[in-house]
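Everything below concerns the one structure shown next.
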Amino acid sequence: MSVVPHITLNNGNTIPQLGFGVFQIEPEDTADAVREAIEVGYRHIDTAEMYGNEREVGQGIRASGIDRGDVFVTSKLNNGLHEPDDAREAFHTTLSDLGFDYVDLFLIHWPLPTLYDGDFVSTWKTLEGFRNDGRARSIGVSNFQIEHLDRLAAETDTVPSVNQIEVHPYFTNEAVREYGQDHGIATEAWSPIAQGAVLDDPTITRIAENIGKTPAQVVLRWHIQRGDVVFPKSVTPSRMRENFELFDFEIEPGDMDEISALDQGEGGRTGPNPNTFAHVPG
Ligand SMILES: NC(=O)c1ccc[n+]([C@@H]2O[C@H](COP(=O)([O-])OP(=O)(O)OC[C@H]3O[C@@H](n4cnc5c(N)ncnc54)[C@H](OP(=O)(O)O)[C@@H]3O)[C@@H](O)[C@H]2O)c1
């Protein structure tokens, strides 16, 4: 079994650099997928209230038979629930749906700067309470831009432990990553293979052929060597295994640079722009 490196967060806690994402896994398929992922060796699961499968994530972890303390579990606050009272109730529901008395990491899913009078600061202070009472071992944010992080730094006492943002070879998101590096915020790269869109790229397929690995392995290894945390999603057991086998090879510096040069800037973004995203699930 591969040995997944751990990254030390700014509060001293550690996080496995490779995990398993469950976005767009149907609730009825989630428990089996999580159990299978744990069987493969994953010890880090990334879910969210918005994904509608927290209950089944908990079921899958329990069905695997591993101890709760041996798996790192992340969830995220849903967009309609940023008001402090709503956030407290939602966090309680997250824990009760998962069936655990703590999460390893809890994130604000989106900053929503055009909603709630732009006040994600009081939401962040509410998460500080979850950290203080021990129900969230670490707290962080997702899809925060530099100006949002600057505002948290100016108005609150806690630097987020992570910022989970879109990053892949077509959208390398360098400025936000660099801000994280400079301020002790670990970057988690979501949609690390751009939901498959980068896997046919001729640069990536050429490098993969040269080193005898698959395109997905090359792209995921590129993230690992850049120091980001990744959690590719797959409901296909053979792909879960493929995506886990990243620690018996290295990408040379020249190939790393070629992959990074595939960046298309804002044009490469596949998800919403955090500055304008304002979707509240009904
Ligand atoms: N914070 C946020 O706003 C946010 C947004 C998006 C995602 N995320 C997180 O990031 C995780 C990963 O991102 P994602 O799910 O959007 O996309 P992804 O992991 O980049 O790609 C998943 C897609 O690629 C396919 N795939 C997986 N491994 C493959 C392989 N080895 N070869 C070929 N195809 C493969 C999967 O198909 P099959 O499943 O059919 O095998 C699925 O369609 C999510 O699950 C979620 O935890 C967070």
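Only a predicted model underlies this, so the values are computations on that prediction, with no experimental measurement involved. All ligand and atom numbering here is 1-based and tracks the order in the structure.
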Next on the checklist: Does the residue Q24 have a heavy-atom contact with ligand 1, meaning some pair of atoms that are separated by less than 4.0 Å?
Outcome noted: no

Next on the checklist: Which of the numbered atoms in ligand 1 are under 4.0 angstrom from any heavy atom belonging to D46?
Outcome noted: 9 (C), 46 (C), 47 (O)

Next on the checklist: Parallel, tilted or perpendicular: which one describes the rings of F171 and H168, with boundaries at 30° and 60°?
Outcome noted: tilted

Checklist entry - Quick one: which of F23, F20, F277 has a heavy atom closest to atom 45 (O) of ligand 1? => result F23

Item to check | Pair T158-E128, side-chain donor/acceptor within less than 3.5 Å | outcome: yes

Next on the checklist: Students should be able to answer this: which protein heavy-atom is nearest to atom 38 (P) of ligand 1, and at what distance?
Outcome noted: R239 NH1, 3.3 Å

Can I get a per-line list of side-chain donor-acceptor pairs under 3.5 Å for residues 183-191, giving both atom names and the distance, sequence neighbours left out?
unit_1	atom_1	unit_2	atom_2	d
H183	ND1	Y179	O	2.8
E188	OE1	Q164	NE2	2.8
W190	NE1	N143	OD1	2.8

Next on the checklist: Going by ring pair (Phe, Tyr, Trp, His ring centres under 6.0 Å), name the residues that satisfy it together with H82, two or more places apart in sequence or in a different chain.
Outcome noted: Y116

Checklist entry - Do Q195 and ligand 1 have an N or O pair less than 3.5 Å apart? => result yes

Item to check | Lys/Arg-Asp/Glu bridge criterion (N-O < 4.0 Å) met for D46, K76 | outcome: yes

Item to check | Residue T236 vicinity, atoms of ligand 1 by number, heavy atom under 4.0 Å | outcome: 38 (P), 40 (O), 41 (O)

Next on the checklist: Run the side-chain hydrogen bond (donor to acceptor under 3.5 Å, both in side chains) test on Q225 and R221 for me, step by step, so that the C-alpha distance in whole Å, both residues' side-chain angles and the decisive distance to 0.1 Å come before the verdict.
Outcome noted: CA-CA 6 Å; Q225 288 182 212; R221 179 72 206 182; 2.8 Å; yes

Checklist entry - With a cut-off of 4.0 Å, which atoms of ligand 1 are near a heavy atom of E242? => result 31 (N)

Checklist entry - Starting from atom 22 (C) of ligand 1, which protein heavy atom do you reach first, and at what distance in Å? => result K233 O, 3.3 Å

Item to check | Test applied, side-chain hydrogen bond (donor to acceptor under 3.5 Å, both in side chains); reference residue, T214; option that passes from E245, R239, E242 | outcome: E242

Checklist entry - Taking the minimum heavy-atom distance to atom 16 (O) of ligand 1, which of A48, P215, S191 ranks first? => result S191

Next on the checklist: Taking a cutoff of less than 4.0 Å between a non-hydrogen atom of the residue and any ligand atom, is G271 in contact with ligand 1?
Outcome noted: no

Item to check | atom 26 (N) of ligand 1 - nearest protein heavy atom and its distance | outcome: I193 CD1, 3.7 Å

Checklist entry - Can you tell me which residue and heavy atom of the protein come closest to atom 31 (N) of ligand 1, and the distance to 0.1 Å? => result N243 OD1, 2.9 Å

Item to check | H109: numbered ligand 1 atoms lying under 4.0 Å from its heavy atoms | outcome: 1 (N), 2 (C), 3 (O)

Checklist outcome for this item: Nearest non-hydrogen protein atom to atom 3 (O) of ligand 1, with distance, is N143 ND2, 3.0 Å

Checklist entry - Looking at atom 48 (C) of ligand 1, what's its closest protein heavy atom, distance included? => result Q164 OE1, 3.0 Å

Next on the checklist: Which heavy atom of A33 sits nearest to which heavy atom of I25, and what is that distance?
Outcome noted: CB-CD1, 4.2 Å

Next on the checklist: Within ligand 1, which atoms have a heavy atom of L199 less than 4.0 Å away?
Outcome noted: 32 (N), 33 (C), 34 (N)

Next on the checklist: Looking at D257, I want to see if its CG is surrounded by more than 12 non-hydrogen atoms of other residues, nucleotides or ligands under 6.0 Å.
Outcome noted: yes

Next on the checklist: If you apply the rule ring pair (Phe, Tyr, Trp, His ring centres under 6.0 Å), what do you find for H109 with Y51, and how did you get there?
Outcome noted: CA-CA 11 Å; H109 205 149; Y51 305 165; 5.8 Å; yes

Checklist entry - Which residue owns the protein heavy atom closest to atom 12 (C) of ligand 1, what's the atom, and how far is it? => result F231 O, 3.3 Å

Item to check | Whether D104 side chain and R137 backbone form a donor-acceptor pair below 3.5 Å | outcome: no

Item to check | Sidechain-backbone polar pair: E54 side chain, T94 backbone, donor-acceptor under 3.5 Å | outcome: no

Item to check | CG (D133) with more than 12 external heavy atoms under 6.0 Å | outcome: yes

Checklist entry - If you measure every N/O of A216 against every N/O of ligand 1, is any gap under 3.5 Å? => result no

Checklist entry - Out of curiosity, is W110 lining ligand 1, as in a heavy atom under 4.0 Å away? => result yes

Item to check | Ligand-residue contact atoms, ligand 1 with A194, heavy atoms, under 4.0 Å | outcome: 20 (O)

Checklist entry - Between F144 and F120, what is the ring plane arrangement, given parallel below 30°, perpendicular above 60°, and tilted in between? => result perpendicular

Next on the checklist: For atom 5 (C) of ligand 1, what's the nearest protein heavy-atom neighbour? Residue, atom name and distance, please.
Outcome noted: W190 CD2, 3.2 Å

Checklist outcome for this item: Within the 4.0 Å heavy-atom cut-off, what S142 brings close to ligand 1 is side chain

Item to check | Polar contact flag for P232 and ligand 1 (N/O pairs, less than 3.5 Å) | outcome: no

